[in-house]
Amino acid sequence: TPKDTMRRVVRQSKFRHVFGQAVKNDQCYDDIRVSRVTWDSSFCAVNPRFVAIIIEASGGGAFLVLPLHKTGRIDKSYPTVCGHTGPVLDIDWCPHNDQVIASGSEDCTVMVWQIPENGLTLSLTEPVVILEGHSKRVGIVAWHPTARNVLLSAGCDNAIIIWNVGTGEALINLDDMHSDMIYNVSWNRNGSLICTASKDKKVRVIDPRKQEIIAEKEKAHEGARPMRAIFLADGNVFTTGFSRMSERQLALWNPKTMEEPIALHEMDTSNGVLLPFYDPDTSIIYLCGKGDSSIRYFEITDESPYVHYLNTFSSKEPQRGMGYMPKRGLDVNKCEIARFFKLHERKCEPIIMTVPRKSDLFQDDLYPDTAGPEAALEAEEWFEGRNADPILISLKHGYIPGKNRDLKVVKKNILDSKPTANKKCDLISVPKKTADMAGVQNEAKLDEILKEIKSIKDTICNQDERISKLEQQMAKIAA
């Protein structure tokens, strides 16, 4: 009927009037030297306790970890996490422990850090574990969504390694699937699959434990600039990229039939890479272009055109990077459905997205049960082939962060372990007796080297502090 067609013109959605607002100045984190590395990661990671930001660091790589409430000007001498010997390229908070964060660096290593409950009082130079296995810089780190202590890293050696952080071991090494640089990697909702976007213009869906490519699409976007691919909760894949005419595009794919996209939209001709942030609870995707000064958001539904433009949050300043708060860190009393942490050159500015409602009651349609901090599987269970969905929690009374157990890493003695079938490298078998002797000597040597490295690191940190003090004094004199 004509009435029906009329009604279909403007689609009904409770998210059409999402209202974005930057917080007041005193609620920002100020005087931060945001990293200038040319790398397309978001440079910022947040959770209900902390905001972490990759910063410029002399002689190595560092990032800040600030308790959320520590707003205002951040002192130059504020402690940093500074154990890497090259710039930090990506950071990711562990979804099952708000005090554990992983970092990937140009120094070819991944480090996992334990942050004290109330934040840092001294600079942190000692990670809980160093994961070594990449031969080139590591630009991507991503925790498994449902299994404890499982971490993925991807490097410019075109390899993806999946680690058991609890033992410090690389258990899966996918080093022959990508012929060119990996732009991003995304886990699906239960962590049984990953999807990747690569410089060879292919989007791949991979079963990491079987080490198989399940689906791939050549030229998902024809343009030469970087793409992104993320999994949605229903198993479809959402991509951003560029057309042959350098227009920015977004597309939706079903991995079972990758020939044609479910939907493909052209957006504009900006050249910043579009970073997608996805909320599985509301099926909203927020697109933050690097160098843009806006956040566009879309609702994904199973009705044509499938990707529905909702609105744009615009501001004056371009963004250098962006952090995205998990759902359990939002203020449900204010009907907040997303919070972004926008990086400028010298500051980090929270942006709050709300759905205006008249009622003060808990809006359960905005807050279905969401992924909580409890891991559904142990690392070993996942590596053995088990899958589990996230364990959900209600946000009805808000989320109160609980106590986190410290991350314990029990390194296995490599000489004792039998080579697993999963590993592509063969360990050279050494006769047992000599191995034990050599092992003891090696341990002693290693301890010595580690002590030396620690003292060198401490010296560097002290020198850093001295230099910055001198710089301040010089600045005062110059002024």
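Below, each value reflects all heavy atoms present in this structure, side chains not excepted, and no hydrogens, waters or symmetry copies.
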**Report entry** Worked check of side-chain hydrogen bond (donor to acceptor under 3.5 Å, both in side chains) between N164 and R148
**Finding:** CA-CA 9 Å; N164 180 346; R148 191 188 320 281; over 6 Å; no
Query raised in the report: Would you call L171 and W163 a side-chain contact if the rule is heavy atoms closer than 4.5 Å?
Result: no
Report summary line: Nearest heavy-atom contact between F313 and M353 is CB-CE, 3.9 Å
Query raised in the report: Does a donor on one side chain and an acceptor on the other come within less than 3.5 Å for S103 and H84?
Result: yes
Query - Heavy atoms from other residues, nucleotides or ligands near NZ of K457 exceed 12 (cutoff 6.0 Å) - result: yes
Query - N/O donor-acceptor pair under 3.5 Å between S41 side chain and L89 backbone - result: yes
Query raised in the report: Under 3.5 Å, is there a donor-acceptor pair linking the side chains of S192 and N188?
Result: yes
Query raised in the report: Is there a side-chain hydrogen bond (donor to acceptor under 3.5 Å, both in side chains) between H344 and Q319 once you walk through the steps?
Result: CA-CA 5 Å; H344 302 240; Q319 53 233 15; over 6 Å; no
Query raised in the report: Would K342 and S315 count as having a side-chain donor-acceptor pair, cut-off 3.5 Å?
Result: yes
Report task. State plainly whether the residues K403 and E117 are in salt-bridge range, i.e. N to O under 4.0 Å. Result -> yes
Report task. For the pair R248 and D292, find out whether any cationic side-chain nitrogen is under 4.0 Å from an anionic carboxylate oxygen. Result -> yes
Query raised in the report: Looking at D31 and R346, does any basic side-chain N land under 4.0 Å from a carboxylate oxygen?
Result: yes
Requested in this report: State whether E216 and R204 are salt-bridged, where the test is any N-O pair (Lys NZ or Arg NE/NH1/NH2 against Asp/Glu carboxylate O) under 4.0 Å.
Outcome: yes
**Report entry** More than 12 heavy atoms of other groups within 6.0 Å of R225 CZ
**Finding:** yes
**Report entry** Note, L131 side chain near V112 side chain (heavy atom, < 4.5 Å)
**Finding:** yes
Query raised in the report: Is the backbone N or O of G323 less than 3.5 Å from a side-chain atom of S42, with the two atoms forming a donor-acceptor pair by type?
Result: no
Query raised in the report: Considering only heavy atoms from C-beta outward, does the side chain of L68 approach that of V51 to under 4.5 Å?
Result: yes
Requested in this report: Assess the side chains of H144 and W382: does a donor N or O sit below 3.5 Å from an acceptor N or O?
Outcome: yes
Query raised in the report: Is any side-chain heavy atom of V237 less than 4.5 Å from a side-chain heavy atom of V205?
Result: yes
Query - Spacing of K290 atom NZ and C288 atom SG [to the nearest 0.5 Å] - result: 11.5 Å
Report summary line: One should read off an interatomic distance between S153 OG and I161 CD1, to the nearest 0.5 angstrom, of 5.0 Å
**Report entry** Stepwise salt bridge (Lys or Arg N to Asp or Glu O under 4.0 Å) test for D75 and K70
**Finding:** CA-CA 11 Å; D75 202 276; K70 178 140 182 63; over 6 Å; no
Report task. Locate the shortest heavy-atom distance separating A62 from C82; write the atom from each residue and the value. Result -> CB-CB, 4.0 Å
Report task. Run the numbers on T109 and H134 for side-chain hydrogen bond (donor to acceptor under 3.5 Å, both in side chains), then give the verdict. Result -> CA-CA 7 Å; T109 69; H134 286 286; over 6 Å; no
Query raised in the report: Closest approach of L64 and P79, non-hydrogen atoms and distance?
Result: CD2-O, 3.8 Å
Query raised in the report: Could you walk me through whether W93 and D98 pass the side-chain contact (heavy atoms from CB on, under 4.5 Å) check?
Result: CA-CA 7 Å; W93 285 107; D98 287 341; 5.9 Å; no
Requested in this report: May I ask you to test the L120-F50 pair for a side-chain heavy-atom distance under 4.5 Å?
Outcome: no
Report task. Dump the intermediate steps for side-chain contact (heavy atoms from CB on, under 4.5 Å) on E345 and V34, then the final yes or no. Result -> CA-CA 6 Å; E345 269 178 42; V34 175; over 6 Å; no
Query - Atom pair NZ/CZ of K76 and R73 - distance to nearest 0.5 Å - result: 5.5 Å
Query raised in the report: Hey, does V100 have a side-chain heavy atom less than 4.5 Å from the side chain of W143?
Result: yes
Query raised in the report: Is E381 salt-bridged to R386, cutoff N-O under 4.0 Å?
Result: yes
Query - Minimum heavy-atom distance E378-A147, with the two atoms named - result: O-CB, 4.5 Å
**Report entry** side-chain contact (heavy atoms from CB on, under 4.5 Å) between L275 and N184, worked out
**Finding:** CA-CA 10 Å; L275 305 177; N184 88 302; over 6 Å; no
Requested in this report: State, yes or no, whether a side-chain contact exists between T125 and D458 at a heavy-atom distance under 4.5 Å.
Outcome: yes
**Report entry** Residue from N47, N404, N118 passing side chain to side chain donor-acceptor pair (under 3.5 Å) with Q99
**Finding:** N404
Query raised in the report: Could you give the distance from CD (Q211) to CG (N173), rounded to the nearest 0.5 Å?
Result: 8.0 Å
Query raised in the report: If you round to the nearest 0.5 Å, how far is CD1 of I182 from NZ of K202?
Result: 13.0 Å
Report summary line: Closest heavy-atom pair, L343 versus C44, reported as atoms and distance to 0.1 Å, is CD1-CB, 3.9 Å
Report task. Could you check if a side-chain atom of T196 sits within less than 4.5 angstrom of a side-chain atom of I160, using non-hydrogen atoms only? Result -> yes
Report task. State yes or no: are the ring centers of F277 and Y286 separated by less than 6.0 Å? Result -> no
**Report entry** I284/F298 under side-chain contact (heavy atoms from CB on, under 4.5 Å): CA gap, chis, key distance, verdict
**Finding:** CA-CA 6 Å; I284 296 180; F298 298 80; over 6 Å; no
Query raised in the report: To the nearest 0.5 Å, what is the distance between CD1 (I130) and CG (D107)?
Result: 8.5 Å
Report task. State, without any angle test, whether D180 and S198 hold a side-chain donor-acceptor pair at a distance under 3.5 Å. Result -> no
Query raised in the report: Going by the angle between their ring planes, with limits at 30° and 60°, are W113 and F63 parallel, tilted or perpendicular?
Result: perpendicular
Query raised in the report: Side-chain donor-acceptor pair under 3.5 Å between T167 and E169, yes or no?
Result: yes
**Report entry** Distance-only side-chain donor-acceptor flag, N190 / T146, under 3.5 Å
**Finding:** no
Report task. Indicate whether any N or O donor in one side chain lies under 3.5 Å from an N or O acceptor in the other, for Q114 and D406. Result -> yes
Report summary line: Shortest non-hydrogen pair, A371 vs R328, comes out as O-CD, 3.9 Å
Query raised in the report: Charged N to carboxylate O under 4.0 angstrom, D90 versus R137?
Result: no
Query raised in the report: Does K327 come within less than 4.0 Å of D279, counting only side-chain N to carboxylate O?
Result: yes
**Report entry** Proximity of Y278 and F238 rings by center, below 6.0 Å
**Finding:** no
Query raised in the report: Donor-acceptor pair, S186 side chain versus F231 backbone, under 3.5 Å?
Result: yes
**Report entry** Any donor-acceptor N or O pair under 3.5 Å, side chains N158, S179
**Finding:** no
Query raised in the report: Without hydrogens or angle criteria, can the side chains of E374 and H96 be said to hold a donor-acceptor pair below 3.5 Å?
Result: no
